[in-house]
Amino acid sequence: MVHFLGSGLFCLLMAAVGIQAHLTPINYLNAECLGNVIRLSVAPPFEEVDAVFNDTQIINLTPGLATQCGFSFKFDPMGNAMFFASLQNCFSQNMDDKLFSLVIQFRLPGNHMTEDPVYRVGKTCSYTPWTSREILCDRNYMEVSVRRTLPDSQTFPEQPTGGPKARSGNLRRGADAVASGYKMTAVVFSPSKKVMKVDEVQRKGYAIANTPTRLVLRSPHNAEETYLQNVAGVPMRVLSTSTFFEQKWLVTRVDATAVCPTPGAVAFTPEVITWYMPKHIDPLISSDAFTMLEVYMGIDAKRLDTEEMAARNYSVLVTEAHIIVEIPVGAVGGYFKSHIQDDQYFVTYTIEPMLELLWIEEVSHEDTRYKVLFPITTPPMARPPQVHNYTPLDAVPEQAVFMLELGTFNLDVELLNITFPTMVLTVAECNTRGFNVQEERSLDNTLKTFRMEVPFSDPVVFKEKRPEQGVTTFTLQLIYGLVILPEYAPFSHSAVVDAVLLDIVPPSVTGNCDQENFYITVDYRNQEPFFVVLVGKRLLNHELAQQYITEGDTDFTITLPFSSPDAVFESFHSSSVRSRLDVALLNPYNNMTLKYFSLACSFLKTLTECFSNGTMTALAVKVESAPSLNPSQLTLSDPACGPTYSDDRLAYFHFTVNSCGTTRKFINNVMLYENIISLPDELEVKINATTSSEDEYQLKVSCYYVVNATRTLAFLTRLRDNVPFAETGTGRLTVRMRLAQDASYNTFHQEEDYPVVRYLRQPLHFEVELTKSSDPKVALVLDHCWATLNEDRDSRPRWNLIINGCENPEDPYRVVFPPVVADARVHFPPHVKRFEVHMFSFTNDAVEPSGQVFVHCDVVICDASSPSDGPCSGQCVNQDNPKRGMSGFMLFRPCQTITELIGSLSTGQRHVKDFFEEHHLYVSSGYILWV
């Protein structure tokens, strides 16, 4: 802003000098004009950089001079460098504030035999139109450029200000005006009101200059006259000045303010960097009446379009108070750097986002372009190296080799040597010894690991035989010596790896089938069994062994039904099923497979049945070729006709021949009924979209009737090697009891929340849920619930809470049954029951007051479509509950929340049994404590 304190003339010009740049090719050099910034990308990194003025003056850009004159540098661990220059830097040639030419000279490291190579590059950029005010925040300086206006009665004499001084640069172009023009006399800094002469301003490290139409002021971020101001909760660095010009009796004041963010504007999580920029920057905007015209984000001073931002997962959100930039840690555009603290490996991630804003103030009609180049580095993140042992354990000891991989590291880490118990070897010496040390890089060339192979037979490997176990143990101890470049910071990582190889002959496995079972015989040949058995996908534990195994002197036989869940169905035909059983013998010390055996047999099985009363039944079975099939989603031709029963392996259908889309044909004296079992079209499309290699599931079932005779037939519409099949069997249900945090039943206490504090008169909200079932015809009923003093559900004393599905009539504080309605979490309300119990304690004189109470429930699973007498007749309706009158508080902690069940279904009522009881299912809470 310009203030006129008198009348007169203000004149300040900068001479435009033509520069012819001498370009010399190097490995990589690219110059770009990026708005009011010139960016030079250079590889390899330079040792020093000079500004070239008038093609004759060479000015070395020391760090202090670079900051004062509008230059900055950055280097990454890959050996790349970037050089940034403001268009209005001290050494560019300015042609009417429209064209700017800059020549830079890079000096690369040489050697003692030759002179350092020098490379020179020039760049000319145009920049129009300028806004009223332009603010540039770079990594080491803040710059403001404002438009100057003068009285109409005066004009500028077009005279240059003179050339620069060698090695120091032209830091105050136009500060000494000619006799007929203005003279810059003083700068006043706010809010301290400190006054400095122009020469003193330059000595303090600031830069101040006039161009044909503008005043430019530049300051280091930490200059003495700058100050911190909190703007919308974001700490900002502010430089506020008034520059005075004099000519005879006329004094003119030009105000210039720069505001830049500080590191406090950034928040970090391990995954995301969040940068907050105030939308209304108070020191720059005089009122709320302004309009934000443009918001751009970029990296390293270059704008990105929306597609590039989306590809990198960057985001910019404009709110009422802030402009929020989010960048994923590790995103493209930044780089990781390695660090060592107390011999521990850490990494940081650095990226330099740019935010460019344009706004206009509605009262003054002055516009401002605001650009921030803001380097961000995360706090150190621990990345402990890991040694992965990929040693194959199926070789004989004389041929076995340790295969190790150490990682993961950034590219600035190098492996120098490896220390073994008896020697230290460099990487070259390791390779000479046959250890084959190699560096492996990730596909995106951002990370590296170190791989090594050490033969078991090498003396650095320690060997120990264990005859009682029939194995030999091989152990390798080593210390990796590493270094971080370019600072050569050393660190190490220790590891001990071992391998166990068998010294004995593995057992033999044979098998056969009859019409119902698999028979697998394992002969361990007069040796002690030293292995564990994997049947299908389950380890053969003691319980399964009692069920399936018959033992001999030196062998044992596994007898398993073909329909067991441990077997898989390969295919089926009209009257048979092909089932397969996989058996593996594993080394218990390292899980290595000692022997693998697979047996597949065909078993007679009727899949479709036809009855003289006009009904049909059919089994559709999940086979190996359809791994993602959910049998419960299968339907007949009419999508409304789902299975009568289903589990994760089969679907059972029962329907009449005149329903569910069944078709009828007459062939001579035969009446043929047909239907198709398949997935609904929308599910088939969804599965094909995710698993394109999976076959379409379609099963045709048929019945044909002759006079006074019934026949059955089942076949597929097309032949294929692996056809779908399912078998009749038992299903699994799961019931859990949870404690809700309040009466809304929206959130529940997790394991880490306990112990949970409750006063005696406060309610506990229990929810019992049947999970993993989507059958709407199934209903869960609370049969009995009671409390005990210990975990034994049959212990005494005992207090009944729910009896035969109803409140205990003898309890003066009866249980409340809140209703359950469908919502986003509860899809089937009949699968859920809720009850509310007010806290209590046992106070019987015969029993000492205890610090714990357990709650137990018996649950019945019913057929909701056919209610019957007994528990399945429904849950009781609440009566009024009197209040409890005791004080004190308790702790609640559930210890058992999940019970797995095997369900057997019957008409009218579906009882559920657990693994050990025939007709009862129960769930229990944990203890409730007095404190």
Side-chain angles (χ1 to χ4, degrees), residues 733-773 780-793 795 798-802 807-808 811 813-842 849-859 861 875 878 881 883-884 886-901 912 914 921-931:
L733 302 175
T734 304
V735 174
R736 66 179 175 185
M737 180 164 68
R738 296 188 293 175
L739 177 64
Q741 295 188 4
D742 53 43
S744 69
Y745 289 90
N746 288 328
T747 55
F748 296 85
H749 287 291
Q750 306 298 319
E751 182 66 25
E752 60 268 18
D753 297 340
Y754 298 107
V756 177
V757 177
R758 289 290 187 272
Y759 289 93
L760 280 178
R761 296 175 59 184
Q762 286 184 290
L764 283 177
H765 306 281
F766 289 96
E767 178 178 281
V768 182
E769 179 184 8
L770 174 64
T771 65
K772 299 182 180 178
S773 174
L780 181 146
V781 176
L782 300 175
D783 192 13
H784 290 80
C785 293
W786 66 97
T788 64
L789 282 175
N790 57 56
E791 194 171 0
D792 183 2
R793 65 196 302 267
S795 63
R798 158 178 171 157
W799 182 253
N800 291 321
L801 303 172
I802 298 174
E807 312 95 320
N808 181 1
D811 190 345
Y813 316 108
R814 296 182 184 179
V815 171
V816 177
F817 296 100
V820 180
V821 296
D823 55 26
R825 183 178 66 84
V826 178
H827 300 290
F828 303 101
H831 294 188
V832 178
K833 285 296 183 290
R834 296 168 178 166
F835 65 96
E836 178 184 310
V837 179
H838 289 265
M839 296 308 303
F840 68 95
S841 66
F842 288 92
S850 174
Q852 62 183 19
V853 174
F854 288 79
V855 177
H856 316 269
C857 284
D858 279 341
V859 177
I861 307 301
Q875 206 77 57
N878 284 116
N881 290 15
K883 302 291 184 181
R884 299 177 188 263
M886 298 184 66
S887 61
F889 61 93
M890 297 176 142
L891 304 175
F892 173 80
R893 176 172 181 165
C895 67
Q896 180 181 356
T897 59
I898 302 293
T899 301
E900 271 199 317
L901 313 165
V912 181
D914 66 17
L921 154 69
Y922 69 89
V923 287
S924 300
S925 79
Y927 54 86
I928 303 172
L929 294 177
W930 286 93
V931 292

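Values in this document were obtained by computation on a predicted structure and should not be read as measured data.
Annotation: the span from His749 atom NE2 to Leu764 atom CG amounts to 8.5 Å, rounded to 0.5 Å. With rounding to the nearest 0.5 Å, the separation of SG in Cys785 from CG in Asp858 is 8.0 Å. Note that CG of Leu739 is 11.0 Å distant from CD of Gln750, once rounded to the nearest 0.5 Å. Here NE2 of His765 is found 11.0 Å from CZ of Phe748. Values are rounded to the nearest 0.5 Å.
Tested against Val815 for a side-chain contact (heavy atoms from CB on, under 4.5 Å), the candidates Asn808, Leu782, Leu801 yield a single pass: Leu801.
Leu770 is not listed as a side-chain neighbour of Phe828, based on a closest heavy-atom distance of 4.5 Å or more. Using a 4.5 Å heavy-atom cutoff, the side chains of Met737 and Val768 are in contact. Counting heavy atoms from C-beta outward, Ile802 and Phe817 have side chains that approach closer than 4.5 Å.
By the side chain to side chain contact (heavy atoms under 4.5 Å, CB included) test, Asp792 is found to be paired with Asn790, Asp794, Ser795, residues two or more places apart in sequence or in another chain being considered. Scored by the ring-ring contact (aromatic ring centres under 6.0 Å, His included) test, His784 finds no partners at all (sequence neighbours excluded). Remark: Glu767 engages Arg825, Arg834 in a side chain to side chain donor-acceptor pair (under 3.5 Å) (not counting sequence neighbours).
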Determine, step by step, whether Trp799 and Asp811 satisfy the side-chain contact (heavy atoms from CB on, under 4.5 Å) criterion, reporting the C-alpha distance in whole Å, the side-chain angles of both residues, the deciding distance to 0.1 Å, and the verdict. CA-CA 9 Å; Trp799 182 253; Asp811 190 345; 3.3 Å; yes
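The two residues Pro829 and Ala822 make their nearest non-hydrogen contact at CG-N, 3.5 Å.
Between Phe766 and Phe835, the ring planes lie parallel to each other; the angle is under 30°, not in the 30° to 60° tilted range.
A salt bridge (charged side-chain N to carboxylate O under 4.0 Å, His left out) check over residues 739-750, counting only residues at least two apart or in different chains, returns nothing.
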